[in-house]
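When reading the values below, keep in mind they use all heavy atoms of this one structure, side chains included, and skip hydrogens, waters and symmetry mates. Here is how names work: the chains are called A, B, and so on, in the same order as the sequence lines, proteins then strands, and each is numbered from 1.
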Number of protein chains: 2
Amino acid sequence: MESCCSMKGFLTFIVLRLISKKNMSGEEVREEIRKRKGTRPSPGTVYPVLKYLNKSGFIEEIKHKGKIKKYKITKKGKKELNEATQKFCMLFYDMKDDLSRRCY
Amino acid sequence: MESCCSMKGFLTFIVLRLISKKNMSGEEVREEIRKRKGTRPSPGTVYPVLKYLNKSGFIEEIKHKGKIKKYKITKKGKKELNEATQKFCMLFYDMKDDLSRRCY
DNA sequence: TATTTTATATCGGATATGCGATATTGGAAA
DNA sequence: TTTCCAATATCGCATATCCGATATAAAATA
């Protein structure tokens, strides 16, 4: 165990959540996570997650110029995210105060 | 992958957080997590986490009647938790609204 | 056109994570 | 005391998670 509370896991949740807020490419996802965590996840981390979400029908490619692929969340993805968010809230409901106090 | 957003990980964080709020035994930790997640983590899940937290100096045993061991967070544990909470907030700062809206 | 850069894709592997099964141990109850 | 139960402890394992390395391919630039 690298350190206590290593904050591993939840990546799929985070990515789906990011895309639900704004259509994004893989690189944009990487950059947004870097902003939040300080470290940029490697391509080998992000692209398999996108592939999985796409294959599962939770996100879909949208037309975009160039080779950049942008994704948007699907109806099925919204349902999935909604359920996952509910679980998240059950688990962390008392983080409310911390989040309000510490975050801009 | 069992399903999207499987909510794995973060268990160590959750356990340390629970103990920081109230001195707890292993069984109490299991029960509190059951309340939140719906499923009770197995002994093989919880006790190794307690052992790790104890060995790391983040929690310590307190006297208690019977064979039940209760733990309390240490000063070092508070520091650790504080840092972990900060990371958590950076990562999930925009869950604030969901938490407020969905949770009692 | 040739070269470089950038975005995406994939694969193997190291490590973390949590579980099931089982053992142990102290107290309660018979 | 003997039996039973509940809390703790440990071990091996299946799986998830993420990364580094590498490949591919398209666009930008020289």
Side-chain angles (χ1 to χ4, degrees), chain A residues 1-19 23-34 36-56 59-72 84 87-88 91, chain B residues 1-19 23-34 36-56 59-72 84 87-88 91:
Chain A
M1 217 176 289
E2 73 179 64
S3 88
C4 173
C5 314
S6 66
M7 303 282 158
K8 270 200 172 188
F10 286 44
L11 185 64
T12 306
F13 175 65
I14 290 169
V15 172
L16 184 54
R17 191 149 199 289
L18 289 178
I19 292 175
N23 299 340
M24 279 188 180
S25 66
E27 289 307 300
E28 287 174 309
V29 167
R30 291 182 68 201
E31 179 54 20
E32 180 59 33
I33 292 176
R34 189 201 58 72
R36 297 180 181 225
K37 298 208 354 171
T39 57
R40 216 162 95 120
S42 77
T45 298
V46 166
Y47 289 102
V49 171
L50 291 173
K51 185 183 179 183
Y52 161 75
L53 289 172
N54 187 37
K55 206 180 46 177
S56 305
I59 61 176
E60 63 187 8
E61 249 180 273
I62 55 179
K63 285 277 166 285
H64 199 262
K65 62 184 171 185
K67 70 179 156 171
I68 295 172
K69 284 188 190 174
K70 285 232 183 190
Y71 291 96
K72 64 172 285 194
K87 281 188 199 166
F88 182 95
L91 203 50
Chain B
M1 219 175 286
E2 70 176 65
S3 89
C4 173
C5 315
S6 65
M7 302 285 157
K8 271 201 171 186
F10 286 44
L11 185 64
T12 306
F13 176 65
I14 290 169
V15 172
L16 183 56
R17 193 150 199 287
L18 289 177
I19 292 175
N23 298 340
M24 279 189 179
S25 65
E27 289 306 302
E28 287 174 310
V29 167
R30 290 182 69 202
E31 178 55 19
E32 180 58 32
I33 292 176
R34 189 202 58 73
R36 295 178 183 226
K37 296 207 358 168
T39 57
R40 216 161 94 119
S42 77
T45 297
V46 166
Y47 289 101
V49 171
L50 290 173
K51 185 183 179 184
Y52 162 75
L53 289 172
N54 186 38
K55 206 181 45 178
S56 303
I59 62 175
E60 64 187 7
E61 250 179 274
I62 55 178
K63 285 275 166 285
H64 199 260
K65 62 184 171 185
K67 70 177 154 172
I68 294 172
K69 285 189 190 171
K70 287 234 185 189
Y71 292 96
K72 63 171 286 193
K87 279 188 200 169
F88 182 96
L91 204 47

Chemist: So, for I59(B) and N54(B), which heavy atoms are closest and what is the spacing to 0.1 Å?
Modeler: O-OD1, 3.1 Å

Chemist: Rounded to the nearest 0.5 Å, what separates atom OG1 in T12(B) from atom CG in L50(B)?
Modeler: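 Reported value, rounded in 0.5 Å steps: 10.0 Å.
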
Chemist: Among the candidates dT8(C), dT8(D), dC19(D), find the nucleotide nearest to the side-chain atoms of K69(A).
Modeler: dT8(C)

Chemist: Could you tell me the separation between the CZ atom of R40(B) and the C1' atom of dA6(D), rounded to a whole number of Å?
Modeler: 10 Å

Chemist: Got a sec, which residues hit side-chain contact (heavy atoms from CB on, under 4.5 Å) with R40(A), two or more places apart in sequence or on another chain?
Modeler: E27(A), R30(A), E31(A), R34(A)

Chemist: To the nearest Å, how far apart are E27(B) CD and dG27(C) P?
Modeler: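 Between P of dG27(C) and CD of E27(B): 17 Å.
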
Chemist: Using a cut-off of 4.0 Å on non-hydrogen atoms, how would the nucleic acid contact of L11(A) be classed: base, sugar-phosphate, or nothing?
Modeler: sugar-phosphate

Chemist: Could you tell me whether P48(B) contacts a base, only the sugar-phosphate backbone, or nothing, with contacts defined as non-hydrogen atoms closer than 4.0 Å?
Modeler: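 Base contact.
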
Chemist: Which residue is it: E60(A), E28(A), E61(A)? I am looking for the one with a salt bridge (charged side-chain N to carboxylate O under 4.0 Å, His left out) to K70(A).
Modeler: E28(A)

Chemist: Provide, to the nearest angstrom, the distance between the OH atom belonging to Y47(A) and the C1' atom belonging to dA21(D).
Modeler: 16 Å

Chemist: Under 4.5 Å between any side-chain heavy atoms of L53(B) and S56(B), yes or no?
Modeler: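 A side-chain contact under 4.5 Å is absent here.
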
Chemist: Whole angstroms only, please: what is the NZ-C1' distance between K51(A) and dA16(D)?
Modeler: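 Value for this atom pair: 17 Å.
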
Chemist: Contact class for G26(B) vs. all strands (heavy atom < 4.0 Å): base, sugar-phosphate, or nothing?
Modeler: sugar-phosphate

Chemist: For the pair made of CZ in R30(B) and P in dG18(C), what is the distance, rounded to whole Å?
Modeler: 14 Å

Chemist: Identify the heavy atoms of S25(A) and I68(A) that sit nearest to each other, and give their distance.
Modeler: CB-CG2, 3.6 Å

Chemist: Using atom CD1 of I33(A) as one end and atom P of dT17(D) as the other, report the distance to the nearest whole Å.
Modeler: 14 Å

Chemist: What integer distance in Å separates K55(B):NZ from dT8(D):C1'?
Modeler: 17 Å

Chemist: All N/O contacts under 3.5 Å from nucleotides 22-27 of chain D to the protein, with atom names and distances to one decimal?
Modeler:
from	atom 1	to	atom 2	distance (Å)
dA26(D)	N3	K67(A)	NZ	3.3

Chemist: Using whole Å, what does the distance between atom C1' of nucleotide dT17(D) and atom OH of Y52(A) come to?
Modeler: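 The answer, rounded to whole Å, is 13 Å.
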
Chemist: Flag the pair T39(B) / I33(B) as yes when at least one side-chain heavy-atom distance between them is below 4.5 Å, and no otherwise.
Modeler: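 Of all side-chain heavy-atom pairs linking I33(B) with T39(B), none is under 4.5 Å.
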
